[in-house]
2 protein chains.
Amino acid sequence: MVVCPPMCHDGQARASTPRRRVDEQTASTERGNGNRKPPATIYDIARLTGVSASTVSRALNKPGRINVRTERRIRDAAESLGYRINPMARALPTGRTGTLALLVSDITNPVYFDLVRGAERVASATDHTLVFAESQESAEIELSTAERLQPAVDGVLLVASRLSDEQIFELSATKPLVLANRRVGEIPAVVPDVTPGIIEALDHLKQLGHRSIGYLAGPEASWMNRARWDALFENAVGRGLSIVEITAAAPTVDGGASALRRVVASGVTAVITYNDLMGLGLMRACRAEGIGVPERLSIIGFDDIFGSDLTTPALTTIRSPLAAIGEAAMRRLLAEVRDDLDADAEPPLPTEFVLRESTGAPTAGSPEA
Amino acid sequence: MVVCPPMCHDGQARASTPRRRVDEQTASTERGNGNRKPPATIYDIARLTGVSASTVSRALNKPGRINVRTERRIRDAAESLGYRINPMARALPTGRTGTLALLVSDITNPVYFDLVRGAERVASATDHTLVFAESQESAEIELSTAERLQPAVDGVLLVASRLSDEQIFELSATKPLVLANRRVGEIPAVVPDVTPGIIEALDHLKQLGHRSIGYLAGPEASWMNRARWDALFENAVGRGLSIVEITAAAPTVDGGASALRRVVASGVTAVITYNDLMGLGLMRACRAEGIGVPERLSIIGFDDIFGSDLTTPALTTIRSPLAAIGEAAMRRLLAEVRDDLDADAEPPLPTEFVLRESTGAPTAGSPEA
DNA sequence: CTGAAAGCGCTTACAG
DNA sequence: CTGAAAGCGCTTACAG
């Protein structure tokens with residue numbers, strides 16, 4: 001075991017730090033971290049430039065508030081030392097961590113890709129770090145994860161939260177919190193307007209001659225599922241279309257596939273699915289069963305995820321502005337964090353009907369014909 | 001403007017903190033954060049239980065090292081105060097942040113989904129927080145992001161890094177760093193073994209009667225692209241198959257689609273693509289051009305991403321054990337962070353051939369026939 | 001414009 | 001088993 005002599009790292013004692021990190025000796029005898037030089041601090045810069053740490057701090061944080069030449073020297077010294085501020089040390093006195101959390105129910109659900117990317121974009125554009133976790137569709141995991149993350153971040157963004165209203169209220173009492181794809185009381189939320197896309201989809205189906213439509217439902221606990229069903233119901237009835245809600249085991253490809261029998265039994269000629277995953281699954285099951293799409297069954301998905309235009313037939317769908325939702329939600333969260341009372345009102349986020357190949361005129365009979 | 005009277009938050013002065021946070025008065029007059037109660041600290045627990053903060057710290061961190069009844073009382077008090085440790089405050093004396101960074105080139109690339117999920121799983125299983133960012137296929141962004149993140153994390157995992165070997169060495173001199181899907185010198189890395197899947201694919205094609213195979217290449221800067229080509233080259237030649245590398249504009253669906261003309265011109269009867277995205281794009285272009293898959297062109301993708309089994313025909317592919325790579329890489333990173341010299345050797349991560357519908361016997365002529 | 005000092009919320013060697 | 005004290009690397013009100 002190599003023992004490090006007392007002064008091997010730092011011959012000059014620091015101005016006001018007579019004792020160095022307690023475990024330094026042992027740490028330096030180990031491999032990985034031991035070989036790495038400890039990062040420079042503002043005290044190193046102070047020593048190098050002959051000013052106080054306070055001045056270094058000011059020079060680096062409030063440009064223009066100190067002597068321009070001193071600032072120059074300090075910046076040069078910082079540069080030459082490869083100085084990077086220690087975010088934890090800054091967070092302590094300021095209470096600001098510079099990081100934001102994003103919680104989704106399922107990382108591998110393609111719906112979130114663009115949303116996450118949108119959020120990440122505005123986070124890094126504003127020099128924030130994004131912390132990222134998934135709840136695996138479990139409210140319990142969602143809650144414990146949010147609680148675990150909260151102390152380390154300035155605010156959290158909950159996407160399609162499965163928590164109860166009360167749990168969400170409690171979380172938002174601790175730190176700034178924003179919701180995406182869900183609405184709870186007055187808590188800041190960013191949700192798309194599902195109606196435009198739904199109206200277009202309904203008009204399209206009606207025009208093709210469909211009279212009886214099914215909605216393959218999403219999770220009970222999903223606010224968005226409710227919102228979609230409500231908009232569908234309301235607008236179908238007004239158009240003289242009959243609409244029926246069909247339950248599915250899960251909002252996944254397999255969940256959609258396994259719902260085919262119930263869809264067929266319902267006698268509808270067209271079905272709108274809670275999301276594209278289910279629509280894709282339904283299509284796959286139709287193919288396996290020899291049910292032609294769209295000849296015998298028209299299918300419309302929701303979201304327009306990656307892959308929905310790659311199938312045969314390509315999936316007709318109602319697109320959600322996912323990236324825009326992610327961006328808007330993140331901006332909203334930043335406004336909350338900054339206590340920015342009059343954040344710019346965000347523009348509405350309408351859904352949009354995307355016509356592809358999985359819809360067509362109904363044949364005379366129902367799908368089992 | 002509502003001004004908060006001096007003692008409105010905290011009537012009892014703290015044992016050893018005569019002065020409270022400097023900006024408290026102003027902060028408390030604002031909205032958002034102003035309404036939130038400041039989180040409890042170990043001093044609150046100490047006061048409540050009549051012990052010192054040191055004892056509270058020990059009780060919470062080294063169970064069993066203090067009086068069992070005292071520990072109980074402290075835990076109860078912590079619970080009743082809703083205490084959560086402040087990770088920034090802990091990080092300062094210990095130098096451990098409890099967070100790990102994950103950098104990918106493109107968040108929306110489905111290849112990373114399972115890898116990211118695997119990494120997230122082991123991070124949260126070991127009570128670590130995952131910080132997440134994308135470099136948008138730019139080495140410059142990758143570098144600045146890594147540098148920005150480093151001070152805030154205990155280690156970073158670079159997935160399919162586009163940096164130069166030197167840049168990677170430099171980064172790893174600062175903090176623990178692990179590579180996934182790339183190898184650079186002795187830097188800890190987790191890469192799959194591409195050979196088994198490639199051999200199976202080649203044998204399959206040979207058996208079908210193909211003699212001339214194309215490889216639709218990925219990005220120049222991609223280590224994995226090189227690895228795949230090398231394994232392909234080596235094993236094709238040994239089997240008496242001719243193989244040719246065909247360049248593509250980008251490793252995306254569109255990049256694959258726009259390469260069709262070059263593929264056709266090459267005269268190969270089967271093509272293996274750098275990734276599934278390109279395979280999917282190529283298939284889409286074939287459909288648009290009326291080129292039958294697999295009758296006139298066999299296509300094999302790489303990775304087995306979401307959606308590759310949803311197309312018609314379903315894409316035959318070489319699967320990478322993405323989730324396992326993410327998990328292994330994260331475990332490796334944790335071992336680095338802990339200076340764990342003898343981390344368990346991870347098992348090999350072989351690729352695997354997945355036969356679906358996009359491969360078949362070649363017709364007499366080449367695809368343009 | 002600049003410095004000395006106190007404090008952010010923890011941890012831990014040291015000394016009972 | 002427990003406490004007093006010092007320190008982690010910053011920020012900022014206060015006083016020149």
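Naming: A, B, ... by sequence-line order, numbering from 1 per chain.
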Can you sort out which residues in residues 51-60 of chain B have a heavy atom within less than 4.0 Å of DNA chain D? Ascending by number, please.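 Within residues 51-60 of chain B, the residues near DNA chain D are B:Val51, B:Ser52, B:Ser54, B:Thr55, B:Arg58.
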Whole angstrom value for the distance that separates [atom2] of [N] from [atom1] of [X]:
| X | N | atom1 | atom2 | answer |
| --- | --- | --- | --- | --- |
| B:Arg47 | C:dC10 | CZ | P | 12 Å |
| B:Arg65 | C:dC14 | CZ | C1' | 13 Å |
| B:Arg90 | D:dG9 | CZ | P | 18 Å |
| B:Asp44 | C:dC8 | CG | P | 11 Å |
| A:Arg96 | C:dG9 | CZ | P | 16 Å |
| B:Tyr83 | C:dG9 | OH | C1' | 8 Å |
| A:Ile74 | D:dT11 | CD1 | P | 12 Å |
| A:Asp154 | C:dC8 | CG | P | 19 Å |

For C:dC1, does OP1 or OP2 lie under 4.0 Å from any side-chain N or O of A:Thr70?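 Answer no for this pair, as no side-chain N or O of A:Thr70 is under 4.0 Å from OP1 or OP2.
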Quick one: is D:dT11 close enough that its OP1 or OP2 comes under 4.0 Å of any side-chain N or O from A:Asn61?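 Answer yes for this pair, as a side-chain N or O of A:Asn61 is under 4.0 Å from OP1 or OP2.
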Side-chain donor-acceptor distances from residues 143-153 of chain B under 3.5 Å, at least two apart:
from, atom 1, to, atom 2, distance (Å)
B:Ser144, OG, B:Glu140, O, 3.4
B:Ser144, OG, B:Ile141, O, 3.3
B:Thr145, OG1, B:Ile141, O, 2.6
B:Arg148, NH1, A:His128, O, 3.4
B:Arg148, NH1, A:Thr129, OG1, 3.2
B:Gln150, NE2, B:Leu171, O, 2.9

Indicate every side-chain donor-acceptor pair of residues 156-163 of chain B with a distance under 3.5 Å to a residue at least two apart or in another chain.
from, atom 1, to, atom 2, distance (Å)
B:Ser161, OG, B:Glu142, OE2, 2.6
B:Ser161, OG, B:Leu163, N, 3.1
B:Arg162, NE, B:Glu137, OE1, 3.2
B:Arg162, NH1, B:Ala160, O, 3.0
B:Arg162, NH2, B:Glu137, OE1, 3.3

When you compare the side chain of [Y] with that of [X], does any pair of heavy atoms fall below 4.5 Å?
| X | Y | answer |
| --- | --- | --- |
| B:Val131 | A:Thr99 | no |
| B:Leu115 | B:Val104 | no |
| A:Leu102 | B:Phe132 | no |

Could you give the distance separating D:dA13 and D:dG9 at their P atoms, to the nearest angstrom?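 It comes out at 23 Å once rounded to the nearest Å.
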Between A:Arg75 and A:Glu79, is the closest basic N to carboxylate O distance under 4.0 Å?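 No, A:Glu79 and A:Arg75 are not salt-bridged.
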Answer yes or no: is there an ion pair linking A:Arg338 with A:Asp154, defined by an N-O contact shorter than 4.0 Å?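 Judged by the 4.0 Å cut-off on N to carboxylate O distance, A:Arg338 and A:Asp154 do not form a salt bridge.
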Compare the minimum distances between each of [options] and the side chain of [X], then state the nucleotide with the smallest one.
| X | options | value |
| --- | --- | --- |
| A:Leu92 | C:dG9, D:dC10, D:dT2 | C:dG9 |
| B:Lys62 | C:dC10, C:dC1, C:dT12 | C:dT12 |
| A:Asn67 | C:dC1, C:dT11, D:dT11 | C:dC1 |

Hey, could you give me each pair passing salt bridge (Lys or Arg N to Asp or Glu O under 4.0 Å) that has a residue in residues 115-133 of chain A? Not counting sequence neighbours.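 Residue pairs with at least one partner in residues 115-133 of chain A: A:Arg117-B:Asp106, A:Arg117-B:Glu134, A:Arg121-B:Glu134.
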Salt bridge (Lys or Arg N to Asp or Glu O under 4.0 Å) partners of B:Arg72, counting only residues at least two apart: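 For B:Arg72 the salt bridge (Lys or Arg N to Asp or Glu O under 4.0 Å) partners, ignoring immediate neighbours, are B:Asp76.
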Do B:Tyr43 side-chain and C:dC8 base share a donor-acceptor contact under 3.5 Å?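 Under the 3.5 Å cut-off, the side chain and the base do not form any donor-acceptor pair.
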For DNA chain D, please output the secondary structure as dot-bracket, reading 5' to 3'. Pairs are Watson-Crick or G-U wobble, both atom distances under 3.5 Å; mark crossing pairs with [ ], other-strand partners with |, unpaired with a dot. |||.||||||||.|||
Under 3.5 Å, is there a donor on one side chain and an acceptor on the other for B:Ser52 and B:Thr55?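 A pair is found: one side chain offers a donor N or O, the other an acceptor, under 3.5 Å apart.
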Within the structure shown, what part of the strands sits under 4.0 Å from B:Ile66 by heavy-atom distance: base, sugar-phosphate, or nothing?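 Sugar-phosphate only.
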